[in-house]
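Numbers restart at 1 for each chain; the letters A, B, ... are given by sequence-line order, proteins then strands. These numbers come from the heavy atoms of this one structure, side chains and all, not from hydrogens, waters or symmetry mates.
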There are 2 protein chains.
Amino acid sequence: MMATSKSEQAYTLLSDRIASGALVPGYRLVLGTIAAELGCSVVPVREAIRKLEAEGLVLFERNVGATVASVDTELYLHTMQTLSVIEGAATALAAPLLTPEDLGRARAINESLRQTLTDFDPRRFTELNNQFHAALYENCPNPHILDLVHRGWARLAAMRTSSFDHVPGRAHHSVAEHDGLLDLLATGAPAEEIERAARQHRTNTLNAYLAAAGQPPSAI
Amino acid sequence: MMATSKSEQAYTLLSDRIASGALVPGYRLVLGTIAAELGCSVVPVREAIRKLEAEGLVLFERNVGATVASVDTELYLHTMQTLSVIEGAATALAAPLLTPEDLGRARAINESLRQTLTDFDPRRFTELNNQFHAALYENCPNPHILDLVHRGWARLAAMRTSSFDHVPGRAHHSVAEHDGLLDLLATGAPAEEIERAARQHRTNTLNAYLAAAGQPPSAI
DNA sequence: ATGTACGAAATCGTATACGATCCATCATGC
DNA sequence: GCATGATGGATCGTATACGATTTCGTACAT
């Protein structure tokens, strides 16, 4: 009858809205309101919020309520740093399993990225950029690492604000670095080298943000 | 009146029991039973289980129920691999903040470890080993990474089985590798080098397990 | 004007209740 | 004997209800 439970529906709904930015950080999540909108009672909504809390997407205060995790520059940058580490590992682990078709798709996506550079649209760039990296690490044989990458992205998406959407010139470098990464993968470079390159690519972006925030570059 | 909510009590209770091994993997968590034991209704227990599910400690199947995440050799090893990556990064990031006192404490713990080698007790060794590593990475400036390390340990503790408690000879190597790591830290080696050493140390343990399971060593 | 006390409204936390679903057991037919 | 289908019990999923707690506005005293 019902394919998914109401608590899962609530979880998906809220999760999507936070990721899409429809629910801005700091927004107050009132149980009754959400329940009314979903056409259910508060119990499933509470469960959904508990899950979101465990993932760090919302803050839950006893007897006060839940709010979308607030934008915290520091946390945002820390999450990026974490992601650079995890995604580097994921890419290295997935590399031996990449088929020529996978690489071809990744190259095609990167060409699309290159085209967006002339008429830059941050949202589209981010979207394609995610697709590019996902293509490289998606068949990582360690599901645990893959899960962490996905969670990391969810957090970043939830916290993304206009102030971080674009660092001038970074997009051009990014596309070029993608080329380098693809070449490494095509030549079957050792795992360690791939990991270093993938992480460095992410760290470069992180450092661009850090520099914009007047902070020293990442130590790793 | 009530310091913590019942759902948090339930969460803590179950979390502790799983970590301590009192609840073995595969154990069926029946809402009503747990609720009765806690002296509360099922609603808070459900919330607690949702949180545990989000952390990967329990499996939750719709209309069927929750079970403690089952022992899965593959998942166990994957979690170790993940931890080697995260903990390496955490150690590298924490290294510049280590005080001589911190290093002294770590050395003392490693000496305790060395002493246990003569009359080997796997449980005590594991406990001290955790203390040693925690001393090195505990003041990692990236709370997100630190959180992942803690969660990784919780998962490993929850899944630990007798079959993985001990790989012959590994403990001796481990203590020696600790010495090497301490020396690196004392001389203020670059972050990259520390990360590699910390990760390699973990990867060696992982590979010992993999070898025992007749599998090839980790690629990273 | 500022701070405090109080009361009302909003919201949370959880017990209870009951329908929905699943699983095990047993009966039935082949 | 084995497959198939019915039945009862166990368990889950969630609506509802109500007490507990916080928050906010208002009145009052300083």
Once salt bridge (charged side-chain N to carboxylate O under 4.0 Å, His left out) is applied, do any residues pair with [X], and if so which ones, sequence neighbours excluded?
X: Glu37(A); answer: Arg17(A)
X: Arg199(B); answer: Glu195(A), Glu195(B)
X: Asp16(A); answer: none
X: Glu55(A); answer: none

* Asked: With sugar-phosphate meaning primed atoms plus P, OP1 and OP2, does Leu29(A) contact a base, only sugar-phosphate, or nothing at under 4.0 Å between heavy atoms?
  ->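 The answer is sugar-phosphate, as Leu29(A) gets under 4.0 Å only of primed atoms, P, OP1 or OP2.
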* Are a donor atom and an acceptor atom from the side chains of Arg46(A) and Ser7(B) found within less than 3.5 Å of each other? ->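 Absent: no donor and acceptor within the cut-off.
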* Exercise: do Asn129(B) and Thr126(B) side chains pair donor with acceptor under 3.5 Å ->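 Distance-only check fails for Asn129(B) and Thr126(B).
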* To do: Could you please name the option among dT14(D), dC12(D), dT14(C) that lies closest to any side-chain atom of Val30(B)?
  => dC12(D)
* Asked: Among all residues two or more places apart in sequence or in another chain, which pass the side chain to side chain contact (heavy atoms under 4.5 Å, CB included) test with Asp121(B)?
  ->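 Arg123(B), Arg124(B).
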* Counterpart residues, side chain to side chain contact (heavy atoms under 4.5 Å, CB included), relative to Ala154(A) (two or more places apart) -> none
[X] [atom1] to [N] [atom2]: how many Å, rounded?
X: Asn63(A); N: dG13(C); atom1: CG; atom2: P; value: 5 Å
X: Lys6(A); N: dG13(D); atom1: NZ; atom2: P; value: 14 Å
X: Glu61(B); N: dC12(D); atom1: CD; atom2: P; value: 12 Å
X: Arg62(A); N: dG19(D); atom1: CZ; atom2: C1'; value: 13 Å
X: Leu31(B); N: dT21(C); atom1: CG; atom2: C1'; value: 14 Å

Tell me which donor-acceptor pairs under 3.5 Å the side chains of residues 133-141 of chain B have, and how far apart each pair is, sequence neighbours excluded?
from	atom 1	to	atom 2	distance (Å)
His133(B)	ND1	Glu87(B)	OE2	3.2
His133(B)	NE2	His178(B)	NE2	3.2
His133(B)	NE2	His201(B)	NE2	3.2
Tyr137(B)	OH	Trp153(B)	NE1	3.4
Glu138(B)	OE2	His150(B)	NE2	3.3

* **Close residues, residues 39-57 of chain B, relative to DNA chain C [heavy-atom separation under 4.0 Å]** => Cys40(B), Ser41(B), Val43(B), Pro44(B)
* Select from Glu8(B) and Thr33(A) the residue whose nearest nucleotide in DNA chain C is closer to the 5' end of that strand. => Thr33(A)
* How sharply is the helix from dA1(C)-dT30(D) to dC30(C)-dG1(D) bent, taking the axes over five pairs at either end and rounding to 10 degrees? -> 10°
* All side-chain hydrogen bond (donor to acceptor under 3.5 Å, both in side chains) counterparts of Gln200(B), not counting sequence neighbours ->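 Asn204(B).
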Using a cutoff of under 3.5 Å, can you pull out all pairs of nitrogen or oxygen atoms linking the protein to nucleotides 5-7 of chain C, with atom names and distances?
none

Name each donor-acceptor pair under 3.5 Å that joins a side chain in residues 21-34 of chain A to protein atoms two or more places apart or in another chain, with its distance.
from	atom 1	to	atom 2	distance (Å)
Arg28(A)	NH2	Val64(A)	O	2.8

